[in-house]
Amino acid sequence: MAKPHVTMEVGNDGVAVVTLINPPVNALAIPIISGLKEKFDEATRRNDVKALVLTGKGGRFSGGFDINVFQKVHATGDISLVPDVSVELVVNIIEDCKKPVVAAVEGLALGGGLELAMGCHARIAAPKTQLGLPELSLGVIPGFGGTQRLPRLLGLSKAIEIMLLSKPIMSEEGKKLGLIDAIVPSQELLKVSRQWALDISERRKPWLRSLHRTDKIGSLSESRDVLKAARQQAKKIAPNMPQHQACLDVIEEGIIHGGYNGVLKEAKVFKELVLTETAKGLVHIFFAQRMTSKIPNVTDVGLKPRHIKKIAIIGGGLMGSGIATAFIVSNIHVVLKEINSEYLQKGTKTIEANVRSLVTRGKLTRDKADKALSMLKGALDYSDFKDVDMVIEAVIESVPLKQKIFSEIEKICPPHCILATNTSTIDLNLVGEKTSSQDRIIGAHFFSPAHIMPLLEIVRTDKTSAQAILDLMTVGKTIKKAPVVVGNCTGFAVNRAFFPYAQSAQLLVHLGVDVFRIDRLISSFGLPMGPFQLQDLSGYGIAVAVGKEFANAFPGRTFQTPLVDLLIKNGRNGKANGKGYYIYEKGSRPRPDPSVLPIIEESRRVANIMPNGKPINITDKEIVEMILFPVVNEACRVLDEGVVVRASDLDTASVLGMSFPSYRGGIVFWADLVGAKYVYDSLKKWSQRFGDFYKPSKFLEERAAGGIPLSAPASSSSGSRSRM
Ligand SMILES: C[C@H](O)CC(=O)SCCNC(=O)CCNC(=O)[C@H](O)C(C)(C)COP(=O)(O)OP(=O)(O)OC[C@H]1O[C@@H](n2cnc3c(N)ncnc32)[C@H](O)[C@@H]1OP(=O)(O)O
């Protein structure tokens with residue numbers, strides 16, 4: 001692949017077309033930035049150049065500054081790797097250029113890409129070009145003048161919304177708001193941009209420098225009101241992150257002291273933010289998510305994914321109907337099979353309700369919803385299975401039932417058909433034991449609600465073919481899921497790593513810690529809700545069933561809580577019947593239910609594990625650690641056994657499947673920031689006080705002793721082995 005570079009061609013019309021070339025998204029890598037300086041310098045000096053057009057090759061203007069540079073800064077701590085672009089290039093060379101510069105944007109102009117375009121004197125766009133400043137989603141703020149120029153081009157409120165939510169707009173909206181000067185068909189983009197540049201040079205069109213504009217910014221007091229409201233909103237949407245408030249401070253600087261001073265403050269704050277743990281976590285997750293599509297011996301061996309046009313789902317319960325919804329809204333035909341018409345009707349109704357809720361939330365138009373529902377067909381037998389490309393079994397967790405279903409579908413379905421199960425715990429080798437199609441057997445583990453949660457764990461056995469894995473990865477992306485390929489074990493990657501989460505919370509309660517204090521602390525840490533509210537939401541039946549699976553698989557490190565059975569005995573089943581740890585009333589947030597406390601007391605008496613019968617004394621920090629370090633410990637075993645291809649896959653899976661805060665970089669990344677030794681020492685101390693549940697794993701012990709990060713590949717630690 002050619003190295004990133006910038007070209008310049010000067011036409012007979014006197015327009016120099018400067019083109020960014022760094023496929024696939026023309027990221028602004030260091031050579032691109034120096035190339036831009038060089039070409040602009042040359043164009044300014046040359047007498048045959050009257051004006052410039054800045055564009056990107058390959059139908060995409062630019063995806064912004066090269067995020068790899070952030071990673072290098074994080075690895076080295078050397079912030080000088082980030083070049084001075086904002087003043088040196090965008091202000092001095094582009095915006096203050098003696099010749100007019102027009103940006104010809106197409107496909108996307110994001111982050112630094114849009115900031116370069118805003119430094120130009122006009123912007124011409126192709127239809128449906130994405131325009132945005134998503135830097136906050138990487139833990140930084142726009143650093144090439146975006147915090148100053150966007151409000152000046154389209155007004156403060158809208159600019160703040162685009163930055164705080166990291167939400168791009170389309171060029172059509174950009175035109176209405178004043179960010180874009182004209183929209184022209186892609187094939188005319190360069191022609192119109194050249195003419196526009198000449199028109200500016202000959203004063204037929206205005207020569208505008210965005211940073212000098214004030215017409216879209218209201219009075220100081222109006223601006224302060226907008227900023228005040230935005231600060232409140234930022235507190236709510238990003239409580240543990242610094243970049244949102246910092247972005248608003250920098251915008252305010254420009255409003256009070258002028259755009260240029262705003263640019264100077266922006267550059268300073270930008271560099272400070274690059275070094276924060278938030279930026280480290282978010283940049284890590286950016287690359288980690290993209291790495292999940294690279295599976296050795298699957299995606300790098302020249303296989304082509306087969307097209308999956310029609311699938312069948314067996315079982316129309318909560319999971320089956322959620323999965324069916326995800327497929328039909330992505331235009332894939334689904335046959336939903338149930339054992340009787342009553343269940344089938346129930347499943348169909350759930351799917352209809354799912355689709356309706358997507359319409360209500362603005363995620364789907366009415367037309368698309370109708371089209372989606374027309375892709376669904378109910379069935380009570382296998383007659384429609386003859387031409388399906390994949391079956392996903394989503395019945396109850398019963399081994400004999402699953403074995404029966406798999407031996408039936410093996411006979412009915414075409415030989416290329418993928419035979420998938422949505423089991424969350426059962427060994428796939430057992431599921432497929434009665435078939436001779438082990439190469440087609442695979443796990444498609446969706447997370448509930450399946451039409452909303454983004455993670456799809458693809459579980460492979462030693463015998464699953466690379467083709468089946470690739471096909472499921474591909475169709476997973478088609479239905480807008482993030483597929484992560486994992487190995488076969490109880491709980492697979494996510495549920496396996498996180499089973500100690502709920503258990504440790506239970507253990508703490510039985511050591512005398514208040515349930516609501518635990519939930520509050522875990523929410524403040526950044527998970528959307530604490531373990532008890534989560535248990536209320538998923539239902540106690542699941543907690544009992546899953547608890548049994550893990551107790552069987554890992555008897556030495558499970559805590560058998562009496563509490564869930566007691567709650568059920570007392571007529572509680574969580575949110576499903578409105579009675580759990582919390583009170584659920586329509587229209588209001590869940591409120592702690594004091595009437596659950598006597599049941600907890602009873603459970604404490606039964607468990608009888610409080611030292612000297614007294615509640616333990618514990619700090620807030622310790623509570624969070626005692627809940628999350630056992631998760632890290634189990635994650636270490638997942639890594640050691642090679643259940644995931646690489647540690648960063650577990651980070652992605654923890655963020656997308658468990659809503660672990662992305663700004664903490666995922667479970668393993670976070671543990672490495674905390675430090676393997678500290679995690680090990682803490683677990684060791686608790687295991688001595690409270691038992692083997694906290695006993696550090698061998699992998700953790702070795703990494704802590706060797707000073708090796710948990711995320712380092714298996715070869716970094718002598719005792720580790722890999723099964724993948
Ligand atoms: C100073 C400035 O203000 C700071 C900045 O500009 S920070 C950067 C701001 N820009 C962004 O946040 C955009 C990040 N990129 C994206 O959101 C998406 O990649 C996209 C919408 C541009 C394209 O999405 P999509 O077509 O699905 O392709 P996607 O798989 O994400 O990316 C393709 C490749 O480009 C890489 N890439 C995308 N944007 C990149 C960037 N800004 N820097 C470096 N690499 C980038 C990806 O890592 C991926 O590499 P891989 O093929 O080796 O895995």
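Ligands are counted one by one from 1 in listed order, and the atoms in each one are counted from 1 as well.
Both the backbone and the side chain of D66 come within 4.0 Å of ligand 1, counting heavy atoms alone. Residue-level proximity to ligand 1 for R60 is carried by the side chain, the only part with a heavy atom below 4.0 angstrom.
The protein does not reach atom 27 (O) of ligand 1 closely, with no heavy atom under 4.0 angstrom from it. At a distance under 4.0 Å, no protein heavy atom can be found next to atom 50 (O) of ligand 1. Within the 4.0 angstrom cut-off, atom 3 (O) of ligand 1 has one or more protein heavy-atom neighbours.
A donor-acceptor pair is defined here as one N or O able to donate and one able to accept, closer than 3.5 Å; such a pair exists between the side chain of H121 and the backbone of V101.
For the ligand labelled ligand 1, residue K294 lies inside the 4.0 Å heavy-atom shell. G146 does not count as a contact of ligand 1, since none of its heavy atoms falls under 4.0 Å from the ligand.
Annotation for K57: atom NZ does not count as buried by contact number, only 12 or fewer foreign heavy atoms lying within 6.0 Å. Taking a 6.0 Å sphere around NZ of K368, one finds it holds 12 or fewer heavy atoms contributed by other residues, nucleotides or ligands. Heavy-atom neighbours of K175 NZ from other residues, nucleotides or ligands within 6.0 Å: at or below the threshold of 12.
Residue-ligand proximity, P142 to ligand 1, at heavy-atom distances under 4.0 Å covers atoms 3 (O). Atoms of ligand 1 found under 4.0 Å from any heavy atom of E135, numbered from 1 in the order shown, are 2 (C), 3 (O), 4 (C), 5 (C), 6 (O), 7 (S). Those atoms of ligand 1 that come under 4.0 Å of a heavy atom in N68, given as number and element, are 44 (C). Ligand-side atoms of ligand 1 in range of G64: 6 (O), 42 (N), range being under 4.0 angstrom from any heavy atom. Atom numbering of ligand 1 starts at 1 in the shown order; those under 4.0 Å from a heavy atom of F270 are 1 (C). The distance from ligand 1 to the heavy atoms of G111 drops below 4.0 Å at these ligand atoms: 6 (O), 9 (C). Within the listing of ligand 1, atoms 41 (C), 43 (N), 44 (C) sit less than 4.0 angstrom from a heavy atom of A27. Less than 4.0 angstrom separates some heavy atom of L138 from each of these atoms of ligand 1: 7 (S), 8 (C), 12 (O).
When all heavy atoms of T278 and M241 are compared, the closest pair comes out as CG2-CG, 3.8 Å. Here the shortest heavy-atom pairing between L273 and A279 reads O-CB, 3.4 Å. The shortest non-hydrogen separation linking R646 to P296 is NH2-CD, 4.1 Å.
Aromatic ring orientation, H284 versus F669: parallel (interplanar angle below 30°, classes split at 30° and 60°).
Among F287, F286, F70, F65, the residue whose heavy atom sits closest to atom 42 (N) of ligand 1 is F65. The residue from Q71, R290, E266, M291 that puts a heavy atom closest to atom 47 (C) of ligand 1 is R290.
Looking at heavy atoms from C-beta onward, V298 lies out of side-chain contact with V485 at the 4.5 angstrom threshold.
In terms of protein heavy-atom proximity, atom 39 (N) of ligand 1 is nearest to V25 CG2, 3.5 Å. Residue, atom and distance of the protein heavy atom nearest to atom 20 (C) of ligand 1 are L108 CD2, 4.3 Å.
A salt bridge is absent between E277 and R664: the closest approach of a Lys/Arg side-chain nitrogen to an acidic carboxylate oxygen does not fall below 4.0 angstrom.
Taking the six-membered ring wherever Trp is involved, the centroid distance between the rings of F70 and F286 does not fall below 6.0 Å.
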